[in-house]
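Written below as structure tokens is the structure these notes are about.
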Amino acid sequence: MTVKTANKIGFQHVGSFLRPDVLKQARKDYFSNQITQSELTTIENEAIKNLVNKEVAVGLDYATDGEFRRSYWHLDFFWGFDSIDHIHYGEGYHFAHEETRDDTAILSGKIKFNPKSHPFIKDFEFLKSLTDDLEIEPKQTIPAPSQLYIELIRGTNDDKIKEFYPNIDDLYLDIEKAYHDALLAFYDKGARVIQLDDCSWGLFLDDKFLNTPDGKEYANSGIQGTLLNLNNKAIENLPEDLIINTHICRGNYHSDFAFSGGYGPVSDTLFAKENVDTYFLEYDSKRAGNFEPLSKVSGDKKVVLGLLTTKSGELEDRQAVISRIKEASQYLPLDRLWLSTQCGFASTEEGNVLTEQQEWAKLKLVKSIQDEVWG
């Protein structure tokens with residue numbers, strides 16, 4: 001199979017898509033014991049099959065399953081590890097205008113990855129079975145190791161770390177190994193592009209948060225180095241043909257955001273030292289700051305500019321997007337830049353406030369601008 005890979009990135013969506021109504025209803029029915037797991041899986045499979053056909057039709061080079069089997073972009077993956085439990089924290093994350101649901105991930109023992117019990121491996125196998133005979137490659141999205149660490153140290157969750165990992169270095173090693181094992185398991189099933197979604201860096205960008213007691217503690221803790229090491233050690237010594245990308249986000253919940261601020265405070269760590277192939281970066285509003293931090297992106301790593309928002313259905317002005325690409329090229333050469341939306345359309349099953357028609361219109365605009373700017 002030959003896949004179009006212009007700029008060695010190709011036309012790819014960040015990850016999630018709006019859940020169709022039939023899938024939303026099926027999940028409600030399953031959790032209210034009106035249908036079985038088998039019946040839910042059948043409905044999920046059909047929804048994902050329809051999605052992949054739409055991804056092919058719009059011209060995407062890489063297909064995701066839309067994260068249709070998940071409730072959250074991150075927690076469902078965490079819950080798949082051995083000794084990580086699903087509990088209700090009693091309080092959600094506070095975004096700019098609303099509070100999320102209160103689910104979280106907490107330790108109940110030593111972290112391990114088991115390919116036979118982690119559902120994402122089987123989920124990827126199904127996605128790949130749909131793409132094998134199509135001009136499109138499967139792409140797997142998972143939360144970054146750093147994101148797992150941030151969830152485990154959240155408030156009272158941290159008490160369990162002290163219980164099971166009196167030596168914090170042992171926790172780091174187990175997170176790194178669990179992720180490394182997971183990445184190899186995906187590879188063994190045919191994954192060649194895996195994206196690490198990561199909101200943890202947003203903590204260091206927002207002055208409002210950094211001026212709180214918790215924010216000051218984060219800023220002075222040296223935790224940036226911890227997050228960097230977790231990510232880098234998890235992805236070292238992988239097969240050469242496995243591409244590892246990362247998507248950096250400031251939060252995306254029902255069209256709301258969590259953090260604001262430019263990438264400057266993390267550029268010397270994240271952009272200069274994280275050993276990924278490509279950064280998918282949120283740049284859809286003034287909240288993301290200017291392009292100057294892109295000058296810190298080291299080596300031959302690439303940046304995908306997320307200049308089109310997924311938080312609303314209004315289409316961006318084409319020439320304004322092209323002008324911003326040219327502006328960004330002052331800091332990183334055009335042949336190391338590419339274009340996408342700033343995030344997925346439904347990081348959680350609630351989805352953002354736009355229609356399915358509008359999400360596909362966004363992707364068509366992305367593709368047409370890619371074709372004009374890069375040819």
Side-chain angles (χ1 to χ4, degrees), residues 13-48 50-51 64-95 98-108 113 117-124 126-127 139-145 147-148 150-152 154-155 157 182 195-200 247 249 251-258 310-311 343-354 356 359:
H13 175 52
V14 172
S16 63
F17 285 88
L18 295 172
R19 277 59 158 178
D21 289 340
V22 65
L23 180 56
K24 288 185 175 182
Q25 185 60 51
R27 288 181 62 82
K28 290 179 181 177
D29 291 345
Y30 171 72
F31 286 107
S32 61
N33 297 315
Q34 296 182 53
I35 64 173
T36 66
Q37 176 64 68
S38 177
E39 290 172 318
L40 173 60
T41 298
T42 297
I43 294 170
E44 290 172 339
N45 288 350
E46 187 63 24
I48 292 167
N50 291 338
L51 173 66
T64 73
D65 65 3
E67 302 178 3
F68 278 4
R69 301 188 201 274
R70 308 185 207 181
S71 181
Y72 293 88
W73 63 277
H74 58 325
L75 293 175
D76 297 70
F77 184 75
F78 300 157
W79 296 328
F81 286 123
D82 288 356
S83 301
I84 293 185
D85 289 349
H86 176 185
I87 67 164
H88 292 278
Y89 189 78
E91 180 181 10
Y93 278 103
H94 293 273
F95 275 53
E98 64 181 295
E99 182 180 338
T100 70
R101 288 175 282 133
D102 71 341
D103 305 88
T104 189
I106 191 169
L107 286 177
S108 60
F113 170 78
S117 61
H118 199 298
F120 277 45
I121 301 303
K122 185 177 180 180
D123 295 346
F124 177 78
F126 178 78
L127 174 63
K139 166 182 165 178
Q140 180 65 43
T141 63
I142 60 174
Q147 194 71 47
L148 173 57
I150 290 295
E151 193 69 31
L152 293 179
R154 175 188 177 189
N157 288 357
Q195 178 180 294
L196 304 177
D197 294 321
D198 200 345
C199 286
S200 62
H247 167 237
C249 187
N252 187 26
Y253 181 84
H254 199 221
S255 290
D256 203 2
F257 65 90
T310 62
K311 288 181 166 62
C343 194
F345 293 103
S347 298
T348 67
E349 61 185 311
E350 287 85 353
N352 285 349
V353 185
L354 74 165
E356 290 187 38
E359 74 177 351

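As a basis for the values below, the full set of heavy atoms in this structure was taken, side chains included, without hydrogen atoms, waters or symmetry mates.
If you take OG1 on Thr348 and CZ on Arg19, they are separated by 7.0 Å, rounding to the nearest 0.5 Å. The distance from atom CG of Asp82 to atom CZ of Phe113, rounded to the nearest 0.5 Å, is 9.5 Å. Distance CD1/Ile84 to CG/Leu107: 6.0 Å, rounded to 0.5 Å. Here Tyr93 contributes atom OH and Asp102 contributes atom CG; the two are 11.5 Å apart, rounded to the nearest 0.5 Å. Atom CG of residue Asp256 and atom OG1 of residue Thr100 lie 10.0 Å apart, to the nearest 0.5 angstrom. Once rounded to the nearest 0.5 Å, the distance linking NE2 of His13 with OG1 of Thr64 reads 6.0 Å.
Here the side chain of Ser255 pairs no donor or acceptor atom with the backbone of Asn352 at under 3.5 angstrom. A distance-only check finds no donor-acceptor pair linking the side chain of Gln147 to the backbone of Asp198 [under 3.5 Å]. Remark: side-chain polar atoms of Glu99 are paired, donor with acceptor, to backbone N or O of Gly92 under 3.5 angstrom. The backbone N or O of Thr36 sits less than 3.5 Å from a side-chain atom of Glu39, completing a donor-acceptor pair.
Taking each heavy atom of Gly351 and Ala346 in turn, the nearest pair found is CA-CB, 3.6 Å. Among all heavy-atom pairs drawn from Cys343 and Asn252, the shortest one is SG-ND2, 3.3 Å. Closest non-hydrogen pair, Ala105 versus Leu75, comes out as N-CD2, 4.0 Å. Residues Asp85 and Ser108 share a closest heavy-atom pair of OD2-CB, 3.1 Å. Between Ser347 and Ser16, the closest heavy-atom pair is N-OG, 3.5 Å. In plain terms, the two heavy atoms of Leu196 and Pro145 that are nearest each other are CD1-CD, 4.2 Å.
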Under the side chain to side chain donor-acceptor pair (under 3.5 Å) criterion, do Glu359 and Thr310 qualify, and how do the steps go? CA-CA 7 Å; Glu359 74 177 351; Thr310 62; over 6 Å; no
Hey, mind stepping through Thr104 and Phe78 against side-chain contact (heavy atoms from CB on, under 4.5 Å) and telling me if it holds? CA-CA 9 Å; Thr104 189; Phe78 300 157; over 6 Å; no
Checking Asp21 against Gln25 for the side chain to side chain donor-acceptor pair (under 3.5 Å) test, could you report, in this order, the C-alpha distance in whole Å, the side-chain angles of both residues, the deciding distance, and whether it holds? CA-CA 6 Å; Asp21 289 340; Gln25 185 60 51; over 6 Å; no
Test side-chain contact (heavy atoms from CB on, under 4.5 Å) applied to Glu349 and Lys24, step by step: CA-CA 8 Å; Glu349 61 185 311; Lys24 288 185 175 182; over 6 Å; no
Does the side chain to side chain donor-acceptor pair (under 3.5 Å) test come out yes or no for Asp103 and Ser71, once each step is laid out? CA-CA 10 Å; Asp103 305 88; Ser71 181; 5.7 Å; no
Does Cys199 form a side-chain contact (heavy atoms from CB on, under 4.5 Å) with Trp73? I'd like the steps, not just the answer. CA-CA 11 Å; Cys199 286; Trp73 63 277; 3.8 Å; yes
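Side-chain atoms of Asn157 and Tyr89, non-hydrogen and from C-beta on, do get closer than 4.5 Å to each other. With contacts defined as side-chain heavy-atom distances shorter than 4.5 Å, the pair Leu40/Gln37 qualifies. Contact check for Phe126 versus Asp65: no side-chain heavy atoms found under the 4.5 Å cut-off. Side-chain contact between Glu67 and Asp197 is present, with at least one heavy-atom pair separated by less than 4.5 Å.
Here Glu44 pairs with Arg69 in a salt bridge; the nearest charged N to carboxylate O distance falls below 4.0 Å.
A side chain to side chain contact (heavy atoms under 4.5 Å, CB included) with Phe68 is found for one member of Leu51, Ile43, Asp123, Leu18 and no other, namely Leu51.
The aromatic rings of Trp79 and Tyr72 lie perpendicular to each other, with more than 60° between the two planes, well past the 30° mark. His86 and His88 have tilted rings, their planes meeting at an angle from 30° to 60° on a 0 to 90° scale. Under the 30°/60° scheme for interplanar angles, the aromatic rings of Phe17 and Phe345 are found to be tilted. Ring geometry, Phe81 versus His118: the interplanar angle exceeds 60°, so the pair is classed perpendicular (tilted spans 30 to 60°).
Taking the centre and axis of the six-membered ring of Phe120, the NZ or CZ atom of Arg70 falls outside the cone set by 45° and 6.0 Å.
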